Amino acid sequence: MSIKRYGAEGGTGTGGQHLPFSSAVEAGGFLYVSGQTPMTDGEVVEGGIVEQSRLAIQNCVDIMQGAGYELKDVVHVKVVLTDARYFQSFNKVFKEFFGEHPPARVCWVADLVVDVKVEVDVTCFQAP
């Protein structure tokens, strides 16, 4: 079994800092996408939980698609919200993306290391 790393050179975080991890890693038919926040080119995109949720999920989708995976391949999602009151609004956005192929999911409330409202990561699977 081989391991393939996507974006292993690292991305750019807030303040232009280098991010020392891959955007995704593929192994044994699984694709593990690193947690994505509502950022574009290392800058947080302002907005409420709905806008930030859409961008965080879309960032995951963009990485997945770059690796040859589709939304139907998502088997598990992890979500971190910074406020429990965001739960229902996040669920509405989640359903926009995953309504036809709902994956398993865990969601919890915690502080995040950047000033955003949400972080999302996904695990995908395609039979080798």
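The basis for the numbers below is simple: all heavy atoms, side chains too, and nothing from hydrogens, waters or symmetry mates. Only a predicted model underlies this, so the values are computations on that prediction, with no experimental measurement involved.
A distance-only check finds a donor-acceptor pair linking the side chain of Gln126 to the backbone of Gly68 [under 3.5 Å]. A distance-only check finds a donor-acceptor pair linking the side chain of Glu51 to the backbone of Gly48 [under 3.5 Å]. Within the 3.5 Å criterion, the main-chain N or O of Val79 finds no donor-acceptor partner in the side chain of Asp121. In this structure, the side chain of Asp73 engages the main chain of Glu70 through a donor-acceptor pair within 3.5 Å. For the pair Asp83 (side chain) and Lys117 (backbone), a donor-acceptor distance under 3.5 Å is absent. Ser22 places no side-chain N or O within donor-acceptor distance of the main-chain N or O of Arg5, the cut-off being under 3.5 Å. A donor-acceptor pair under 3.5 Å is absent between the side-chain atoms of Thr37 and the main chain of Glu119, judged by distance alone.
In this structure, the side chains of Val120 and Val118 come closer than 4.5 Å at one or more pairs of heavy atoms. Under the 4.5 Å side-chain criterion, counting only non-hydrogen atoms from C-beta, Phe30 is not in contact with Cys124. Side-chain contact check for Val75 versus Pro103: every heavy-atom pair is 4.5 Å or farther apart. Side-chain atoms of Lys4 and Val25, non-hydrogen and from C-beta on, never get closer than 4.5 Å to each other. Contact of the Leu71 side chain with the Met64 side chain is registered, since non-hydrogen atoms from C-beta on lie closer than 4.5 Å. Between Val122 and His76, the closest side-chain pair of non-hydrogen atoms is not below 4.5 Å. Side chains of Phe94 and Ser53 form no contact here, defined as non-hydrogen atoms less than 4.5 Å apart.
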Pair Val93-Asn91, side chain to side chain contact (heavy atoms under 4.5 Å, CB included): steps then yes or no: CA-CA 5 Å; Val93 176; Asn91 276 342; over 6 Å; no
Steps toward side chain to side chain contact (heavy atoms under 4.5 Å, CB included) verdict (Val116, Gln52): CA-CA 8 Å; Val116 296; Gln52 287 203 359; 3.7 Å; yes
Criterion side chain to side chain contact (heavy atoms under 4.5 Å, CB included) on Gln58 and Phe97, from CA distance to verdict: CA-CA 9 Å; Gln58 187 61 53; Phe97 282 88; 3.5 Å; yes
Stepwise side chain to side chain contact (heavy atoms under 4.5 Å, CB included) test for Leu31 and Tyr6: CA-CA 10 Å; Leu31 180 75; Tyr6 296 88; 3.9 Å; yes
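For the residue pair Tyr32 / Glu26, no side-chain donor-acceptor distance below 3.5 Å is found, with atom types taken as modelled.
With salt bridges taken as basic N to acidic carboxylate O contacts below 4.0 Å, one links Arg54 and Glu96.
Linking Ile, Leu, Val, Met, Phe, Trp and Tyr whenever their side-chain heavy atoms come within less than 4.5 Å puts Trp108 and Val114 in one cluster. When the side chains of ILVMFWY residues are joined at heavy-atom separations under 4.5 Å, either directly or via intervening members, Leu112 and Ile57 end up in two distinct hydrophobic clusters. Following chains of ILVMFWY side-chain contacts shorter than 4.5 Å, one can reach Phe98 starting from Phe87, so the two form part of one hydrophobic cluster. Ile63 and Met39 are members of different hydrophobic clusters when ILVMFWY side chains are connected at heavy-atom separations under 4.5 Å. Residue Val80 is not grouped with residue Val33 when hydrophobic side chains (ILVMFWY) are merged at heavy-atom distances under 4.5 angstrom, including chains of intermediate members.
Separating the CG atom in Asn59 from the OG atom in Ser34 is a distance of 12.0 Å, to the nearest 0.5 Å.
Separation of the Phe90 and Tyr86 ring centroids does not fall under the 6.0 Å cut-off.
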